[in-house]
Undergrad: 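Could you have a look at this structure, given as structure tokens, before my questions?
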Amino acid sequence: GAQGAGVARCAASIASALAQRDTEAVCGNAAAPVPAANGAISNGTPAVAVSGQHVLPLAELMLHLVARPERAVCELAVEYFLMVNTLPTDERHPQMVAPLYLSLLQPLIKGHACYGPQFVSWNEEVDDDEEAFHR
């Protein structure tokens, strides 16, 4: 709801910042290290088991945030997806390639790539400017 706009913006901002800082950890197939069962250490770092399943819940959350009506939330969530796109496809989880971007299309076009319901012209528009809309 409308009360969650601030929380949604914060969540999108954090995910976008994390994706910019360490795209592989947030979006990759073999992203964040998971401690191995035996806890072996080599070269001073814990041995890890590869797991990329943790990236899907975050991507799903970001899809939900893109669908929110607030443009600021959508812009931050789209930054996350732009960072995902900087990682080569063979390094991403299989669902973080074509299926992910097909899922993005509908909320972006339906909810954000259109004029507002009260839009008459850019001269009368007080909440948004034409340049910001086209960005």
Side-chain angles (χ1 to χ4, degrees):
Q3 299 90 352
V7 173
R9 200 168 99 216
C10 288
S13 179
I14 291 168
S16 295
L18 288 172
Q20 288 176 9
R21 174 97 172 143
D22 193 353
T23 307
E24 213 173 302
V26 176
C27 312
N29 193 26
V34 177
N38 63 6
I41 296 181
S42 65
N43 297 333
T45 59
V48 296
V50 175
S51 171
Q53 291 299 325
H54 69 283
V55 302
L56 298 179
L58 179 60
E60 186 175 331
L61 171 65
M62 299 309 286
L63 280 171
H64 287 294
L65 295 180
V66 166
R68 288 194 55 94
E70 302 88 13
R71 185 171 292 156
V73 173
C74 180
E75 287 175 357
L76 288 166
V78 166
E79 285 182 26
Y80 164 84
F81 291 107
L82 289 173
M83 292 312 300
V84 169
N85 212 28
T86 65
L87 198 62
T89 56
D90 61 336
E91 293 180 25
R92 294 186 227 166
H93 189 282
Q95 291 182 335
M96 299 280 290
V97 188
L100 175 69
Y101 287 90
L102 287 174
S103 299
L104 265 176
L105 192 59
Q106 183 192 17
L108 282 175
I109 290 177
K110 182 181 175 187
H112 297 285
C114 59
Y115 297 118
Q118 288 78 28
F119 183 85
V120 176
S121 74
W122 288 114
N123 293 332
E124 286 81 32
E125 185 66 32
V126 294
D127 293 333
D128 208 355
D129 64 43
E130 186 174 4
E131 197 174 302
F133 177 80
H134 288 292
R135 260 184 285 144

Undergrad: Taking all non-hydrogen atoms of both residues, which atom of Val55 and which atom of Ala25 are closest, and how far apart?
TA: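 Heavy-atom minimum between the residues: CG1-O, 4.2 Å.
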Undergrad: Side-chain atoms of residues 95-103: list all donor-acceptor pairs with protein atoms under 3.5 Å, sequence neighbours left out, distances to 0.1 Å.
TA:
| from | atom 1 | to | atom 2 | distance (Å) |
| --- | --- | --- | --- | --- |
| Tyr101 | OH | Phe81 | O | 2.6 |
| Tyr101 | OH | Asn85 | N | 3.3 |
| Ser103 | OG | Pro99 | O | 2.9 |

Undergrad: Rounded to the nearest 0.5 Å, how far apart are CG of Leu61 and CG of Leu56?
TA: 12.5 Å
Undergrad: More than 12 heavy atoms of other residues, nucleotides or ligands under 6.0 Å from CD of Glu60: is that the case?
TA: no
Undergrad: Which value, rounded to the nearest 0.5 Å, describes the distance between Arg21 atom CZ and Met83 atom CE?
TA: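 Reported value, rounded in 0.5 Å steps: 12.0 Å.
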Undergrad: Find out whether Tyr80 and Leu65 are in side-chain contact, i.e. whether some heavy atom of one side chain is under 4.5 Å from a heavy atom of the other.
TA: no
Undergrad: Any link between Leu82 and Leu76 through a network of hydrophobic side chains (Ile, Leu, Val, Met, Phe, Trp, Tyr) touching at under 4.5 Å?
TA: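 Per the 4.5 Å side-chain linkage, Leu82 and Leu76 are not co-clustered.
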Undergrad: Please report the shortest heavy-atom distance between Met62 and Ser16, naming the atom on each side.
TA: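 Minimum heavy-atom contact is CE-OG, 4.5 Å.
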Undergrad: When you measure from the side chain of Arg9 to the backbone N and O of Ala72, does any donor-acceptor pair fall under 3.5 Å?
TA: no
Undergrad: Give the other cluster members for Leu105, using side-chain heavy-atom distances under 4.5 Å between Ile, Leu, Val, Met, Phe, Trp and Tyr residues; answer none if it is isolated.
TA: Ile109
Undergrad: Is there a path from Leu104 to Leu87 through hydrophobic residues (I, L, V, M, F, W, Y) whose side chains come within less than 4.5 Å of each other?
TA: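 No, Leu104 and Leu87 fall in different hydrophobic clusters.
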Undergrad: Compare all side-chain heavy atoms of Val78 with those of Leu108 and state whether any distance is below 4.5 angstrom.
TA: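 Yes. Closest side-chain heavy atoms under 4.5 Å.
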Undergrad: How long is the span from the OG atom in Ser13 to the CD atom in Glu79, to the nearest 0.5 Å?
TA: 8.0 Å
